[in-house]
Amino acid sequence: MLTKIYSSLLLLAAIYSNAAAKPVALQCEHLNNPLGIDALHPRLSWRMDDPRQGARQTAYQLIVGTDSAQVAKGTGTDWQTAEIKSQQTLVNYQGKPLHEFTKYYWCVRQWDKDHKASLSSVASFETAMLNMDQWKGYWISDHKSIDEKAAPYFRHEFSVKKKIVSARAYIVAAGLYELYINGQRIGDHRLDPMYTRFDRRNLYVTYDITAELQKGKNALGILLGNGWYNHQSTAVWYFDKAWWRARPAFCMDLRITYSDGTVETVVSDASWKTALSPVVFNSIYTGEHYDARLEQPGWNKPGFNDTTWKDVLIRPAPSEKIKSQTMVPIRNVLRIPVKAMHKINDTAYVFDMGRNFSGVSQLTVKGEAGTVIRLQHAERLYKNGRADQSNIIMHYRPHDDLDPFQTDIFTLSGKGEETFMPRFNYKGFQYVEITSSKPIHLTEQSLVGWFMHSDVNSVGHVSSSNPIIDKIWQATNNSYLSNLFGYPTDCPQREKNGWTGDAHIAIETGLYNFDGISVYEKWMNDHRDEQQPNGVFPATIPSAGWGYEWANGPDWTSTIAIIPWKIYEFYGDKKVLVACYDNIRKYVDHINYLYPSGLTTWGLGDWVPVKSQSPVELTSSIYYYTDVNILAKAAKLIGKTDDYNKYSLLAEKIKDAINKKYLNTKTGVYGSGYQTEQSAPLYWGIVPEQLKPKVAANLAKAVADANYHLDVGILGAKAILTALSDNGYADVAYKIAAQTTYPSWGWWMVNGATTLYENWNIDSKSDISLNHIMFGEIGAWLYKGIGGIRPDAEHPGFSNIIIEPHFVSGLTHFEAEHDAPQGKIISAWKRNGSDVDYHLIIPANATASLRLPKGRITLNGKPFQNTGKLVSGTYDFKVLLQ
Ligand code: BGC
C-alpha cells in the first residue's frame, strides 16, 4: 500500500515537475501560427511557463521542419539547432533556405534551471510569395474614372475537379477589398489592406480557403472600395490630389493544392467580369452610401448570369513592392449596444451609444422601397438634442451636399427587414442621428455600434483605489485603440491622419497596454517609404504629399528614432531599430546640416498648452538630442564604433548648447521656469546630474504654485509626471494625475469623458476633438510612476525589469500588470496602517532590479537585504515606511 502511495506521489511529482517548466506562447514574427510569411529569416519567440522561484531557461534548441509529426518528436529537417546555452527566447530562423508556399512546423526544447529539458507543443508558420515574380495574376480594375462614385464588383467562376488538400487566397488591392467565395465573405478583417504609400508599397493578405471551396463550380467575388487610394472627399490635406490616386484595382492568386500533388492557380486576369455595386459611394473619410435596390442577389455565387457585366481592364501594379501584410488586422472588435434613444418624430431619431469610440454603426430597419435614411455620426449634441459636428467638421471642404461628413446614406429596397453597415469607412462618434425621407419605426435595438481598431491583444492592466485614476486609464486605452488603424492616428473623426508627434507621445502607453509591435513595424516601413533623400519626413505618415513643409520638425517626426527604440526596450527585438538605422542617421545629419549650432527651432513646440508657451527651440532641440542619443546607442548595439563616437559627441554638443542657453545653473531654472521647460529636460536626460534636485524642486514648486494643476501642452504632458516621480516628487505627480478640476485629465472624466480630449478646455472653440491620444502619456506613467514597472535598456524585453513602485499618498492600493515577452509582471501594493504590503511577480527567465522606498523591509517575515537582482518568482514584502 505504502509503496503504491509512494509511487503515485512520485508520479504526481513527475507530472508536476514536467508541468513546472514548459516553453509556451510560440510566435513567429510576433504572431500566432501566421500564414503569409515573406521574411527570409522569420523571428521565432517563446516564453517559459515555470512559476518556481529562480526559474530560468539555461538552454534552448529549435526544431523546424515540414513534417509536423516528426517535429512533435523533436526532429526538424529544415533546422535543428544544437543545445544552445542561452536565456534568449527570440531567435531569427537560420535553417535551410525557406521555400515559398510552404507550411513549416516548429517547436522549441527548453532546459530549465535544473537542466531538465521539456519540449513545447508544435506551432507553425507558412510562407507565401518570397519574391514578386511568384505572382501569377494581373492587376485588374474596371474601365471607370477616379470620379466614378459606385464601387465595382468583380466576379469569376472556375471548376474544381480533383480532391483539394489545401487552398490559399493571396490578395492585394490598391484601395480596399472584400473577398467572397461562393457567396460567403472570407475572413473577419476590416478595411484591408492596411493604408500604405501606395506608389511605394502594397500589402497582400493570405487566407486559408480550403473549407470554402467545393467540388464542381466555384465563384469568386470581389468588392473594391476607395480607401485612401482614391480619395474623392475633399479636405485640407488634399488626399484627393494624391499623385498615386486612381480607380481601385486588385490582384489575386488563388493557389489550390490537390491530393495528387498538383497545384493550380486561379488568378485575376482578363477573363473576370465587372459591374457596379449597390455601394453607390464610399469614402474612408466621410461615409458610405448604399442603395439596396441595386443589389444583385447571387453576384458572388456560381451560376449567376453575368452577361450584362463588363470586361475588366488590366492595370500596372501601383508599386514595385508587394509585401505580405504580416500584422494584426483591423476588426469589429467590440459590439456597443445603444444606451438611449430619443425619438424626435417618426423621421428623426437620436441614439446615444454611451461612450465615444471609433468604428461604425449598424442599422436594421424595415421600410418602403426608396426610403432614404441618413445616419449622421457626432461626438456631441446640440442643446436641442440633435447631432453636433461643429467640433470635428472644420477641415472638411465639400463642393456640394452629396457627401455629408461622417454620414452614411442607406436607401431601402423595401424587401422586409434590411441591415446596413458600411464596409469601407469608419468614424469617431458617440451619437448617431438618423433621419429618413419617409416614416420609419426604430427602437433601441435597431442600431448597434462596432468599436473597430487594429485588433491588438491587451497586455496590461491597472486598478487602484481611486475610480478617477481607473477611468483615466480606461479612457486612455479607448483613445489609443480608437487611433490604431494599421497606423497610429491623431483622431478617428476630423482627420484620421498618421500624426507623428501624437504617436511617439503615445508609444509607451501603447506598449504597456497592447501588443502592438506588428502595427509599429509596418508603420516604420511607411516612414522609410516617405523619407526624402535629404532625410526629411512628413508630419503625417502615410502622406499624400501634405506635411513636408509644416509641423515636421524633430518634436514630431522623431518617431523614426523613438518608436524603434521603445520597441527594442519593450520587446528586446532590434529588427526595426536596425532597419531604421540609416534613416535615423540621414534625418539627424540633415538637422545637423541645417542647424550646426546644436539648437534647432524646427518644430511646433508644446502644442495646445494650457497657457504658458515654452520656447520651440528648447523642446525641438531636446527631441533632436533624443534622436542623436538613440542613434548613438543603436550604433553601439550594432557595433558601428565610429558612428557611436561621432554621434555621442554630437549628442553632448546639443545637450551643452541647450543648457548653455536655457539653464540658469545657479537657480536650476530653464527659461522662464514653466512646467514644460522644467519637465522636458528632466525627462529626456538633459539636466546635469548635480542640478537635477534643483530643477526638480523648481518644477514641483511650479506645480504647487498652480495649485497642483497642469500648465503644459502635449510635450509637457509627456514629460511632467515621470520628471516628478523620478526625482523624488511622486506625490506631486500623483496630485496632478488625480486632479479633477480644470485643467486636468480628471476634469475631462468628471465631465463624462470616456476618451481623452484634444484640449484641456472642454469649452474650447478650436482643437477640441473628443478622441485624441496626444495627452495619453498618463496611461504609461501609471505603470512607471506608481506601479514602478520599467524596461531596462541594458537587458531589453523585460529580461531584467526595473521595479520602483511609489506608494503615493492619496491611494490605498494600486496594482499594475504587464504581460512582457517573458511573462506576466505584477506589481501591486496595499496600504496597511503605516505599512505597505507589496506584492511582486517576476516572470520566469527574468530578473528584477528592485528599488523600494526607504524604510524597514521584510520579505516573508524576515528582514530583507536588497543586495542584487531578484530572480523570477513571487515576492511578498512588507514595507514599514520611514
Ligand atoms: C492634429 C494633432 C497634430 C497637430 C499638429 C492637429 O490637427 O489633430 O493631433 O499633432 O495637428 O499640428
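This one's a predicted model, so the numbers in the text were calculated from it and none came from an experiment. First listed ligand is number 1; within each ligand, the first listed atom is number 1.
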With sequence neighbours excluded, what pairs up with [X] under the salt bridge (Lys or Arg N to Asp or Glu O under 4.0 Å) test?
| X | value |
| --- | --- |
| Asp408 | Lys427 |
| Glu495 | none |
| Lys522 | Asp526 |

Original post:
Taking the six-membered ring for Trp, are Trp760 and Phe775 ring centroids under 6.0 Å apart?
Top reply: yes
Original post:
Where do Asp627 and Asn629 land on the side-chain contact (heavy atoms from CB on, under 4.5 Å) test, with the steps shown first?
Top reply: CA-CA 5 Å; Asp627 298 340; Asn629 192 33; over 6 Å; no
**OP:** Return the protein residues near ligand 1 (heavy atom under 4.0 Å from any of its atoms), ordered by chain and residue number.
**Re:** Asp490, Arg494, Glu495, Trp499, Asp502, Trp550, Trp556, Leu604, Trp607, Glu758, His772, Met774
Subject >> Under 3.5 Å donor-acceptor, Gln531 side chain and Gly535 backbone >> reply: yes
